[in-house]
Colleague: 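Structure provided below as structure tokens; questions to follow.
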Amino acid sequence: MWSIKDKLSTRLMNICIASLCKAKQLEKAESVIVDGIRIGVQPDVVTYNTVIAAYCRVVGIDAGYSILHRMKEAGINPDVITYNSLIAGATRYCMLSRCLDLFDEMLEMSILPDIWSYNTLMHCFFKLRKPDEAYRVFQDIILKDISLHPATFNILMNGLCKNGYTENALMLFRSLKRHGFTPQLVTYNILIHGLCKSGRGKTAKEFLNELVEAGHIPNAITYTTVMKCCFRCRQFEEGLKIFAEMRRKGYTYDAFAYCTVASMLLKTGRMNEANEYLGYIITNGFDLDTVSFNNIINLYYKEGQLDNAYKLLYEAEKKGLKSDKYTHTILIDGLCRTGNFKEAQQHLDCMSMMGFDSNLVALNSFINGLCKAGHLDHALQMFESMDAKDSFTYSTIVHGLCKAGRFRAASKLLLSCVRDGMRILKSNKRVVISGLRSSGFSHEARKVQSKIRLAKILHY
DNA sequence: CTAGGGTTAG
């Protein structure tokens, strides 16, 4: 029989482990468990659940599984929270089959899934762009009469927005409100973001007002979302005004908003201002994550400050941050811009070796770099070898061909693009047609023009 | 355990 004192010690240990896990000090947490066992404090289900959740979050799902294994060996039965942590881990890495296996395993062990098991499964389906299946999970929740959590609606609404069903999310929101549901700030933020992304900035602004009227105070996320929306609609000054307000109200406590602004300034060629904010990010000592590093590295590359870019890459590595596909794409783009095609190629090979599947953007960058440097044949060779191409790929090559005076080849490509229903650039079309005309193919220029017009009608 | 930021053409 355990005494009250033992239970108290276990609880104390759990509190200690929870704070270590929160600080991502997993090794220390483990050593606390080992030390505890040595002095007679037994870990319980809460102890293991805490560690499993942390391992899933910080290391990966397999690390979580191995703790589960140890837990079972120690004779402690997992509960619904254990499984929820594992399901959340699987969802983080988009491992749907693992999620479903875990669900089965739960049922086998007669552990009843709760609302969070379902919420997470629904989220997983949405993340994998399977909205129908996700919605089926929601119906299942209703059918099984499991009481909903406010987050259930948030996950549902976010999933709908992210999968292109913003209209449905909006309808859901309105009908929920009619049924007396009070939306949280998160709910508003989700909806505003969805509306902004689908080009309905005006409705988004209305919801911003509604949110305030409902008694919520907009937070940093609300501000960043609305600001980004302004930038998307090319209302740069309006967006910068929001940013200024954010700073005044003290909502710029991380690099998030600064990165959004710096990136916009970079894209619109306002280098001096971009640099100003960049400097601010650096000197202010924000705790930078991978995305922020990517932002800054990109800026350095565009400025031609390669030394600074490398220094920062090194710093990110030293911090233990993992580079992602954006980092590598930025790097490849930077290498191409500075004419280091050999290194860029090496890095491209490196990327596929590291298991990055979609490197279309990097390839487009490469082709663009080759065209700009006048290596059109190399670019064409690369173009032919690509199995996936998008409008960027085509417009780059079309532009490259025009630059080399090969207008007939360019027009052929442009037409194949149009036939596939791909969006083409106005400037691209203009250059091809005027090129054909000036090189004596005015008949062909007219033909291209009418074919484009026809294709547009057909695809409409 | 849900919400915000980052890559390519002109």
Side-chain angles (χ1 to χ4, degrees), chain A residues 53 57 81 84-85 87-89 91-92 114-117 119-120 122-123 126-127 149-159 161-162 183-194 196-197 218-229 231 246 251-252 254-264 266-267 281 288-299 301-302 324-334 336-337 358-369 371-372 390-400 402-403 423-431:
Chain A
R57 198 171 52 239
I81 295 171
N84 283 351
S85 297
I87 292 169
T91 296
R92 183 168 293 110
D114 67 3
I115 186 62
W116 278 110
S117 326
N119 280 351
T120 315
M122 181 166 72
H123 187 205
F126 272 132
K127 268 182 88 168
H149 186 278
T152 312
F153 295 117
N154 295 337
I155 293 167
L156 181 60
M157 223 135 53
N158 181 46
C161 288
K162 293 261 161 77
Q184 302 167 303
L185 179 60
V186 196
T187 326
Y188 278 105
N189 284 346
I190 288 169
L191 200 61
I192 288 172
H193 184 236
C196 287
K197 278 239 156 143
N219 64 6
I221 295 176
T222 324
Y223 277 108
T224 324
T225 309
V226 178
M227 179 175 79
K228 186 74 213 277
C229 181
F231 292 159
M246 266 186 96
Y251 283 133
T252 45
D254 57 23
F256 247 94
Y258 285 98
C259 285
T260 313
V261 171
S263 154
M264 180 279 288
L266 178 67
K267 275 186 191 146
I281 293 171
L288 300 179
D289 59 4
T290 306
V291 179
S292 310
F293 271 110
N294 287 346
N295 253 300
I296 305 170
I297 290 165
N298 186 35
L299 198 60
Y301 265 122
K302 295 281 152 45
D324 59 10
K325 72 172 183 196
Y326 287 91
T327 323
H328 295 288
T329 309
I330 289 165
L331 212 94
I332 289 168
D333 183 55
C336 289
R337 272 171 202 279
S358 154
N359 41 17
L360 180 59
V361 177
L363 285 169
N364 286 345
S365 268
F366 210 126
I367 287 181
N368 179 43
C371 285
K372 273 197 174 152
D390 64 1
S391 58
F392 272 80
T393 329
Y394 282 103
S395 64
T396 306
I397 287 289
V398 167
H399 186 247
C402 287
K403 223 177 97 182
R423 248 182 42 143
I424 56 163
L425 287 172
K426 270 202 189 106
S427 61
N428 236 321
K429 191 180 92 180
R430 215 172 34 232
V431 172

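FYI, side chains are in, hydrogens and waters are out, and symmetry mates aren't considered; it's all heavy atoms of this structure. In the text below, chain A, chain B and the rest are named by the order of the sequence lines, each starting its count at 1.
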Colleague: Does the side chain to side chain donor-acceptor pair (under 3.5 Å) test come out yes or no for D114(A) and S117(A), once each step is laid out?
Modeller: CA-CA 5 Å; D114(A) 67 3; S117(A) 326; 3.0 Å; yes
Colleague: At less than 4.0 Å, is any side-chain N or O atom of N119(A) found next to OP1 or OP2 of dC1(B)? Yes or no.
Modeller: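 Checking N119(A) against dC1(B): no side-chain N or O falls below 4.0 Å of OP1 or OP2.
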Colleague: Would you please confirm or rule out a distance under 4.0 Å between OP1 or OP2 of dT8(B) and any side-chain N or O of K302(A)?
Modeller: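 Yes, K302(A) has a side-chain N/O under 4.0 Å of OP1/OP2 on dT8(B).
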Colleague: Below 4.0 angstrom from OP1 or OP2 of dA3(B), is there any side-chain N or O of H193(A)?
Modeller: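 Result: no.
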Colleague: Drop me the distance from F256(A)'s CZ to K228(A)'s NZ, to the nearest 0.5 angstrom.
Modeller: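 Output value for this atom pair is 11.5 Å.
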Colleague: Would you say F392(A) stacks on dT8(B), if stacking means ring centres under 5.5 Å apart and planes within less than 30 degrees?
Modeller: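 Per 5.5 Å and 30° rule: yes, stacked.
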Colleague: Does dG5(B) have its OP1 or OP2 closer than 4.0 Å to a side-chain nitrogen or oxygen of T290(A)?
Modeller: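 Negative; the distance criterion is not met.
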Colleague: Does N368(A) have a side-chain nitrogen or oxygen under 4.0 Å from the phosphate oxygens OP1 or OP2 of dA9(B)?
Modeller: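 Indeed, a polar side-chain atom of N368(A) lies that close.
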Colleague: Under 3.5 Å, side chain of K127(A) to main-chain N/O of R92(A), donor-acceptor pair present?
Modeller: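 Flag set: sc K127(A) to bb R92(A) pair under 3.5 Å.
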Colleague: Would you tabulate the side-chain donor-acceptor contacts of residues 361-368 of chain A under 3.5 Å, counting partners in other chains and residues two or more places apart, or write 'none'?
Modeller:
unit_1: N364(A); atom_1: OD1; unit_2: T393(A); atom_2: OG1; d: 2.8
unit_1: N364(A); atom_1: ND2; unit_2: D390(A); atom_2: OD1; d: 3.0
unit_1: S365(A); atom_1: OG; unit_2: D333(A); atom_2: OD1; d: 3.0

Colleague: Between the base of dA3(B) and the side chain of N219(A), is one N or O donor paired with an acceptor at under 3.5 angstrom?
Modeller: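 Answer yes: a donor N or O sits under 3.5 Å from an acceptor.
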Colleague: When the distance from CG of L266(A) to C1' of dG5(B) is rounded to whole Å, what number comes out?
Modeller: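 About 14 Å, once rounded to whole Å.
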Colleague: For a quick test of reading the model: is some side-chain N or O of R337(A) closer than 4.0 Å to OP1 or OP2 of dA9(B)?
Modeller: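 Yes, within the criterion.
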Colleague: Applying ring pair (Phe, Tyr, Trp, His ring centres under 6.0 Å), can you list everything that pairs with Y251(A), at least two apart in sequence or on another chain?
Modeller: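 Once residues adjacent in sequence are excluded, the partners of Y251(A) under the ring pair (Phe, Tyr, Trp, His ring centres under 6.0 Å) criterion are Y223(A).
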Colleague: Please state whether the phosphate of dT7(B), meaning OP1 or OP2, lies under 4.0 angstrom from any side-chain nitrogen or oxygen of K267(A).
Modeller: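 For K267(A), the contact criterion (side-chain N or O under 4.0 Å from OP1 or OP2 of dT7(B)) is met.
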Colleague: According to a strict under-4.0 Å criterion, is R92(A) in side-chain N/O contact with OP1 or OP2 of dC1(B)?
Modeller: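 Answer is yes, contact under 4.0 Å.
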Colleague: Any stacking of F256(A) on dG4(B), going by centres under 5.5 angstrom and planes within less than 30 degrees?
Modeller: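 It does: the ring sits over the base of dG4(B).
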Colleague: Is K372(A) close enough to dG10(B) that one of its side-chain N or O atoms is under 4.0 Å from OP1 or OP2 there?
Modeller: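 For K372(A), the contact criterion (side-chain N or O under 4.0 Å from OP1 or OP2 of dG10(B)) is met.
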Colleague: Please confirm whether the shortest side-chain N or O distance from K162(A) to OP1 or OP2 of dG4(B) is below 4.0 Å.
Modeller: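 Yes, such a contact exists.
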